[in-house]
Amino acid sequence: MTRLTMHEISQNFATRRVLGPVSMTLEQGEAVALVGPSGSGKTTLLNIAAGLLIPSEGVLRNDFAKPTLMFQQPRLLPWKTALDNIALGLKARGVPGNERQFQAQEIGLQLGLSEEDLLKYPAALSGGMQSRVALARALLPQPDLLLLDEAFSALDIGLKAELYRYLQQAISDTGCSLLMITHDPAEAMRLVDRIIVLGGNPGHICYEFHTGGHNQRQQQNWLLERTRDFLGIAAVRAAFHLEPA
Ligand SMILES: Nc1ncnc2c1ncn2[C@@H]1O[C@H](COP(=O)(O)OP(=O)(O)OP(=O)(O)O)[C@@H](O)[C@H]1O
């Protein structure tokens, strides 16, 4: 079975150990969130999972063939139009020009960009539009693993809800796995099967929470109750340096 496995992973920067040892597995079709206080090593772990950083110690095994990434900053190429930015992943995979443009336009329109927006350069797009472009770019190559680093944290609540719906639909249509970092427990509750809480110094796994309720995630009451349950757990509160409940 396709999976991502990290075994006894640690990361040092200079002489300082910032992470580990951490062991975790992400199965095909599973959605997992990494949460934890600032500096607990979430981005470091995600970068290791993405192959952007070689860990100081431990073993990474990634069977996923088509991972894509999306960050908090949309990181669009300023000299390319929105349409060409969306099509970038297909270009790298050798899809011919006309087909790239067609597919990029289709997903751009589905994500709420107009034909006019798609011809604009990033500097002429609002932050929200740039995030739509970045999500379209990450999803268009039909990844089997999507890695999100606080991808939605700077967006307004309406746009967040819209992109969550789109993402959930894309995941359920394609069976793509998800590994995401978020600072918002309710966002994690809504989008993932399992929440991994990192904490301490060096960062390590303090708790794993199975969200459940696969069919109830759209319901506000369920989300509120489940988020309250999560935030009531002593190990979670300790990781975030919160007073005991
Ligand atoms: N390239 C680097 N060189 C030196 N130290 C680094 C480097 N990258 C990260 N760190 C340190 O490693 C620790 C973990 O950083 P990381 O960005 O992974 O945490 P995080 O949990 O993602 O934080 P945040 O929630 O604030 O984004 C921090 O103390 C950070 O200063």
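As the structure lists them, so they are numbered: ligands from 1, and atoms in each ligand from 1. Quantities reported herein were computed from a predicted structural model and do not represent experimental measurements.
- Just one residue in the list Leu118, Leu76, Leu125 forms a side-chain contact (heavy atoms from CB on, under 4.5 Å) with Asn85, and that residue is Leu76.
- Screening residues 22-31 for side chain to side chain donor-acceptor pair (under 3.5 Å), with sequence neighbours left out, gives Arg3-Glu27, Glu30-Arg194.
- Of all the heavy atoms in Val35 and Lys42, the pair that sits closest is C-CD, 3.6 Å.
- Around ligand 1 you find Phe13, Arg16, Val18, Pro37, Ser38, Gly39, Ser40, Gly41, Lys42, Thr43, Thr44, Glu150, His183, each with a heavy-atom distance below 4.0 Å.
- Tyr207 pairs by the ring-ring contact (aromatic ring centres under 6.0 Å, His included) definition with nothing, not counting sequence neighbours.
- In this model, a donor atom of one side chain and an acceptor atom of the other lie less than 3.5 Å apart for Gln101 and Asp84.
- Cluster partners of Trp79 are Leu77, Leu88, counting Ile, Leu, Val, Met, Phe, Trp and Tyr whose side-chain heavy atoms approach within less than 4.5 Å, directly or via other members.
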